[in-house]
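Because only heavy atoms are used, hydrogens play no part in the values below, and waters and symmetry mates are left out as well, while side chains stay in. Below, chain A is the first sequence line, B the second, and so on; all start at residue 1. In this text, all values refer to a predicted model and were calculated from it rather than measured experimentally.
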Amino acid sequence: MYNIFLPDFNKKIKIYYVSIVFFIYICFKKNLLQDKPIYTIMRRLLLMGLLLLPFLGMAQGFQVNLHGEKQIGMGHTGTGLLQDGASVLFNPGAVAMLPENFIQGGINPLFFNSSFLLAGSNQQENVKNNVATPFNVYGVWGPKNAKWKIGMGIYTPFGGLTEWGNTWSGKYSLISLNLKAIYFQPTLSYKFNDVISVGAGFVIDYGSVNLKRAIPTTPDGQAELDGSGSGTGFNVGVFIKASPKFTIGLDYRSKVQTSINDGKATFSVPASLASSFPSPNTFSASIPLPATASIGLGYKPCDKWLVAFDFQWVNWDVYKSLDFNYGQTTSTLKNTSSPRNYEDAFDFRAGAQYEADKGVFIRFGGGYATTPVKDGYVTPEAPDANRVYGTAGLGIKAAKHLDIDIAFEYEHLMSRTQTNIESGLSGTFATNVFIPGISLAYHW
Amino acid sequence: MKNFKNYAYILLAAASIAACKPVITVPTPTTGSADFTRYISVGNSLTAGYADNGLYLSGQLNSYPSIIAAQMQTIGGPASFNQPLFSTAQASGTGYLSIDKFNADGTPHFVTIAATAVRGISTVTGGPLFTKYSGPLDNYGVPGIKLSDITNPLYGNGNPYFERLLPGNGPFQTQYIDFITASSFTFFTNWLGNNDALGYATGGGGGYAGAGVLTDKGNFSTLYTTLITRLTANGAKGACATIPDVTTIPFLTTVTYGAILAGVQKVAPQVTDIYINAADATGAVYAPRKATAADLFTLTFNSSGQLAKIGTNGYGVSPLNPIETQYVLDANEVALVKDYVNSYNNTIKTASASKGLAVFDSFAFLTNIKTNGLLVNGISLNSNFVSGGIFSLDGVHLTPRGYAIVANQFISVINAQYGSNIPTVNVSAYAGVTFP
């Protein structure tokens, strides 16, 4: 059918094209894995007045892996590759090995399509169509033939934009969440010889959160938490050029504990309850953005081909509970501690790049990531589940010094039927994520 | 560059396919072995949508039968479900309670929203008569009706809620059981029997002129069997509900012995005992005695102003001037009611089982909420007065949210019994206790 559109496709390209379509097909195929069994964890919960404020189930869903179009096209591989300035993030150790200097920027409009079917209901509810815009900017510079390079990266490794609205069945758990973490990473990389190089970056995180949920009074009240904070961490890596064909990268990004102090808490409730919900109020919270460790391999079987594998471990286990402390508390509005009890997550990635014409690159890849969220802890903020994703990309050398890269990614989260132990919200979540993206890279 | 364009097309094509929303599979609608062509609801005030001490339009619109019917309609249920609604011009119906503010001590302050549907005074009872309803009818909930009333041909003369459903101005000779079975139906819910115990309990048991009486157990059994036989005579299927434990409703659990004593001791620390007029073990002989935590006080003990009189002339603090029995369901009366309710519920379960009907065990359900609360869609509910969210301001009837929960319970047992898949409703969409 597609040949109608592309009659002059040569045979070779057709094969690659078919592979891309095949990846996409895999992502589409529903029920790729059996749905998880329903674990209805019933637990006696202490009554906490009208308001339970759990919040912010940061999950794999909040880990954003959109760090460079070349890497996205190849299934997010890059730890063991020398592609471009995105090595500042993927592996600072590789920066000194980059053959050129780079200034580049990319953006990835993210369409997060999540749906919910309340247990026993036949009315599917969907998130509103919002578009999040993760971005990345990198600069890498070093004198020609020097052993060192410096770099700067600005990127968004965590974030989420989820709006369910104020009429859906889970409105008392969440109306909307807008979470952003922007990392600034100055980097220094040093090449010992043509085989091994190392690098390290210092990470400053600027994070912001805006969260709304309904309060179950009649008429409905609403709580809004709005705040920003910061944290610090680091990113270190080693890069090994084992042979002209074979490269290995190791990278460790530390945990960044992001603290929000003096956030603004606003409550609107029926007038007779206003004294129970002091407003405006302040809140503080501290959220661990977890450490990741990655190993990546790159292999060039021939001139035109490059294949890559990455494995990433995400230390979500540090996320035990989410605590909110309010500036003013009452017998109704109390400080809260919500158990999260995340477990570590893993991400398996593979991708390939083919130079179809001179200066034209076709990329494709995919992966599988496990969820850190245990049964009973799934929340509508990021209804997380194990996920499979496929990516495809296209790169072109538009001019001698300029690369244009486009990529798209499709993620399918396994549908998950859950009863949250804290809110009692019971039903099935299903999520598809669709992410196109484009970047420009100037190199010299 | 030409090829670049082609590659871009591929990405675009794939992208447009990918941009769709996920679809979560919903079971194919089926009514199973039940037939919902005409659904009728049989019962008392709970079935009518009574709330906040009155029958009014918004309560009627949130009655559990209307919720069930609307859900049945999503899978091909009844074409219509008609209720004896008050008009929007008379939306306040018989009048009802509302909270207008909170008192300084944090307790709610109630006001009565005036009735708009009173059309006259009954020459039989001297009480009000309400605007007649003459349209088609599927919800036969009649506030106040007991099981023991369903074969009483004169009942329409004494109960204004039944009277307004009957054509003409009486005197009436229509038995409730004939009225509800006059035209054919395929499915029913039946939640009769509450008032056979509740009337006695909310009146503080017996021991005074005009006290409620518990319907005789044998009589209850006979009438219930008669009712079920009539309802199923033409092959209709349905669901029945048991009667809740009266000690789980806020009407009898809000004003407590401990709270009364503590209140008195704030003013008069020397007082150590509260005196009530209480029944003996037979429930027949009444005498003053010291109250204990096992004695339950009615919500009306507070709202009638009696609570404020404690201590005046020794009221409630002396055996010579005990709290009157109509405000106290004392420990022996509690035991008596529990025994009767147990017996009634055995009858309900046995009679339902004999016809293969679904049973919503409201006794077990409300007892569990009383003990454990209920967490649903992020709403933490319990059996407390005002703050609990399930019971309305009269402490007996439910809020729209409470009725939605009841509707979901009925739906669940109907689905389980008949293999249908009526969807449940989203409880979050229904109102709890309205705060100013």
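Of all heavy-atom pairs spanning A:A119 and B:T424, the tightest one is O-OG1, 3.4 Å. The heavy-atom pair separating A:L117 from B:T25 by the smallest distance is CD2-O, 4.0 Å.
Remark: side-chain polar atoms of B:S428 are not paired, donor with acceptor, to backbone N or O of A:G170 under 3.5 angstrom. At least one donor-acceptor pair closer than 3.5 Å links the side chain of A:Q124 to the backbone N or O of B:P22. Checking side-chain atoms of A:S272 against main-chain N and O of B:P436 turns up a donor-acceptor pair under 3.5 Å. A distance-only check finds no donor-acceptor pair linking the side chain of A:T218 to the backbone of B:T434 [under 3.5 Å].
Of the listed residues A:S114, A:A398, A:A430, the one with more heavy-atom pairs under 4.5 angstrom with chain B than any other is A:A430. Of the listed residues A:L425, A:I435, A:V127, the one with more heavy-atom pairs under 4.5 angstrom with chain B than any other is A:L425.
The CZ atom of A:F429 sits 8.5 Å away from the CD1 atom of B:I24 when rounded to the nearest 0.5 Å. Here the CG atom belonging to B:L375 is positioned 9.0 Å from the CD atom belonging to A:E422, to the nearest 0.5 angstrom. Here the CG-OG distance, from B:N377 to A:S426, works out to 8.5 Å after rounding to the nearest 0.5 Å.
There is no contact between A:S275 and chain B, counting heavy-atom distances below 4.5 Å. Only the side chain of A:L118 comes within less than 4.5 Å of a heavy atom in chain B; its backbone stays farther off. Heavy atoms of A:N126 lying under 4.5 Å from chain B belong exclusively to its side chain.
Every residue meeting the side-chain contact (heavy atoms from CB on, under 4.5 Å) condition with B:D361, not counting sequence neighbours, appears here in chain and number order: B:T242, B:K349, B:F363, B:A364.
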Which atom pairs, donor and acceptor, lie under 3.5 Å between side-chain atoms of residues 95-104 of chain B and protein residues at least two apart or in another chain?
| from | atom 1 | to | atom 2 | distance (Å) |
| --- | --- | --- | --- | --- |
| B:D100 | OD1 | B:H109 | ND1 | 2.7 |
| B:N103 | ND2 | B:T107 | O | 3.4 |
| B:N103 | ND2 | B:T107 | OG1 | 3.0 |

